[in-house]
There are 2 protein chains.
Amino acid sequence: MSKSSPYNHDLPALLSLAFSGIIQELHEQLDKLGFEDIRPAHGFLFQRINPDGATGMEIVEHMGITKQAVSQMIDYLEKHGYVARHPHPQDGRGKIVVLTERGWALIRAREAIYAVIEQRWAALIGAERLVQLKSDLDQMIRSTNEGELPPRLRPVW
Amino acid sequence: MSKSSPYNHDLPALLSLAFSGIIQELHEQLDKLGFEDIRPAHGFLFQRINPDGATGMEIVEHMGITKQAVSQMIDYLEKHGYVARHPHPQDGRGKIVVLTERGWALIRAREAIYAVIEQRWAALIGAERLVQLKSDLDQMIRSTNEGELPPRLRPVW
DNA sequence: ATTAAATGGTCAATTGAATTGACTATAATA
DNA sequence: TATTATAGTCAATTCAATTGACCATTTAAT
């Protein structure tokens, strides 16, 4: 029995490594494309405001952090030109956070990078197995969440 | 076509959700068993010192954080009774961090909880598919890492 | 052997992304 | 109208990480 590491890689570790590996590759590529000011956590926010924008509270629900933290993150992304705050058309208290052109450029870059990664995986384990993998993960996530995909992506934990 | 969410769940999101779901369930259960003082990040440290202990620098390599951060984390875990620092038998500079009895109790609890989760997944998608899933993840991780499993678990990212 | 460089570890101060708490303005409800 | 709830921001704090400085010991070079 060959052991490639002095410690076990159980299922959680495999999931964590797979995820971290993708994120790391994503941000290496983004850095090269001039998006060095984007951190992994920002991805969760972008995922929510893409494509139609979202209010702060919608982002809060999605990310599972406080509204103050979300507000600060929006400050940062606005200052760096990725998003803009618009007044909410229906609710005078609210604002909608939308992507700027630079924000859209980031989204397109990310999608392209993800596509490359997925293609490499498909070539590696087979397109069919990749579909199966996604389906299995989907099922497993739902099973711990009353049959639904969680409405929020908890950032890491 | 039914869309269960207003936004896409791509592969990275699925991996993240699956991992986060497990970690969340793990710590809910650990809390119930009286391990409320343990945070998810500690798991990476425990994984490395189990079963034979490890030096600080070995933990550093495993976790991908600074030695100062590791030292502080060991301080915390030592203060809470999970680990102990012993002098290193060969190297007068070094120390080995080993599990205390409480540390072992935690390890056992974690393994039991993971086993339950894996069994539920096996029941859900089939034991065969679960094996395949792990094998696929293993392969994908190696493919981005020169054919090796990463020597370190980067804590989240 | 002796010196020089590298390594393992800790102490101290700082950073930075999160938190809690307090507040304003608008909306929904009684 | 008066009251309560909601969306968002400002301010201060927390806490796990960081950088920087240092000591002790081991390894390498001379």
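Reckoned from all heavy atoms, side chains included, excluding hydrogens, waters and symmetry mates. Throughout, protein chains are lettered first and strands after them, A, B, ... in sequence-line order, and every chain is numbered starting at 1.
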Taken to the nearest whole Å, CD1/I65(A) to P/dG8(D) is 14 Å
Rounded to whole Å, the CZ-C1' distance (R39(A) to dA17(C)) equals 7 Å
Does a nitrogen or oxygen in the side chain of S71(A) sit under 4.0 Å from OP1 or OP2 of dT9(D)? yes
The salt bridge (Lys or Arg N to Asp or Glu O under 4.0 Å) partners of E111(B) (sequence neighbours excluded) come to none
To the nearest angstrom, the CE-C1' distance between M73(A) and dT9(D) comes to 16 Å
Ordered by number, residues from residues 78-85 of chain B within less than 4.0 Å of DNA chain D (heavy atoms) are none
The residue among H88(A), R93(A), K95(A) that forms side-chain hydrogen bond (donor to acceptor under 3.5 Å, both in side chains) with D91(A) is R93(A)
Rounded to whole Å, the CD1-C1' distance (I59(A) to dT9(D)) equals 15 Å
For R102(A), the side chain to side chain contact (heavy atoms under 4.5 Å, CB included) test, sequence neighbours excluded, returns F35(A), D37(A), Y82(A), T100(A)
Rounded to whole Å, NE2 of H42(B) lies from P of dC15(D) at a distance of 13 Å
M57(A) atom CE is separated from dT9(D) atom P, nearest whole Å, by 11 Å
Note to self: With a cut-off of less than 4.0 Å, is there a side-chain N or O of T66(B) near OP1 or OP2 of dT18(D)?
What the structure shows: yes
Of I96(B) and Q72(B), the one whose nearest nucleotide on DNA chain C sits closer to the 5' end is I96(B)
Here the distance between atom P of dA11(D) and atom CG of D75(A), to the nearest Å, is 12 Å
For E28(B), the salt bridge (Lys or Arg N to Asp or Glu O under 4.0 Å) test, sequence neighbours excluded, returns none
Whole-Å distance, K95(B) NZ to dC23(D) P, equals 16 Å
Per-nucleotide protein contact along nucleotides 22-30 of chain C, 5' to 3', at a 4.0 Å heavy-atom cut-off (B base, S sugar-phosphate only, - neither), is ---BBS---
By ring pair (Phe, Tyr, Trp, His ring centres under 6.0 Å), H42(A) pairs with (sequence neighbours left out) Y76(A)
